[in-house]
Amino acid sequence: MMRRVITVALPLAAAACGGGGDQSASRNAAATDDYVARVRALPPAQRDAVLFRAIRDAGRSCQQVTGSTAMPDVSGAPAWTATCDDGGAWVVALNPGGIATVTSAADLAGAKRN
C-alpha cells in the first residue's frame, strides 16, 4: 500500500509580525527554532487548533479536532495523533522549524505492520 504524506508549513503568528530588515529575519528564525517546544506547552484546545490547521493545510478532511495525544516520534520528529469530529485520525509530526507532516493514522499503522 502506498502511503501519502503531505508536508505543510505552519505559520507562526510571531513570525508574521515585526518590522523589516535583518533584525526581523533574525527574530523570525528564533521564533521558528523553538516551535516544537511552544506547541508542546500549549493548552490542549490551542494545540488541537494548531494540529487542525496543519491537517486542513494538507488538504485532509477534518472539520474540527476533538482531541489529540502525543505519540512516539515519527522519523525523529515529535508527533501527535489528532482525532477529528468525523472519527478520522491523523498523525501530525513537527520538525523544529514548524514544518508539519500529516499522515493518515491508519496508513501509518499499516505501514508499521508490514
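Please read all numbers here as calculations on a predicted model, not as lab measurements.
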Test side-chain contact (heavy atoms from CB on, under 4.5 Å) on Asp57 and Phe52 and set out the steps. CA-CA 8 Å; Asp57 286 352; Phe52 169 76; over 6 Å; no

Donor-acceptor contact below 3.5 Å, side chain Arg60 vs main chain Trp90: no

Hey, does Thr83 have a side-chain heavy atom less than 4.5 Å from the side chain of Val65?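 The answer is no, as the side chains (C-beta and beyond) never meet within the 4.5 Å cut-off.
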
Is any side-chain heavy atom of Arg40 less than 4.5 Å from a side-chain heavy atom of Pro78? yes

Side chains of Asp48 and Ser68: any donor to acceptor distance under 3.5 Å? yes

Output for pair (Met71 CE, Thr81 OG1), nearest 0.5 Å, gives 4.5 Å

Assess whether side-chain contact (heavy atoms from CB on, under 4.5 Å) is satisfied between Ile55 and Val92, documenting all intermediate values. CA-CA 8 Å; Ile55 293 165; Val92 180; 4.0 Å; yes

Between [X] and [Y], what is the shortest heavy-atom contact and its length?
| X | Y | result |
| --- | --- | --- |
| Cys62 | Arg56 | O-NH1, 2.8 Å |
| Ala54 | Val102 | O-CG2, 3.7 Å |
| Val36 | Asn95 | CG2-O, 3.4 Å |
| Trp80 | Arg47 | NE1-CD, 3.4 Å |
| Pro72 | Ala79 | O-CB, 4.0 Å |

Run Val74 and Val91 through side-chain contact (heavy atoms from CB on, under 4.5 Å) and show every step you take. CA-CA 9 Å; Val74 174; Val91 174; 4.1 Å; yes

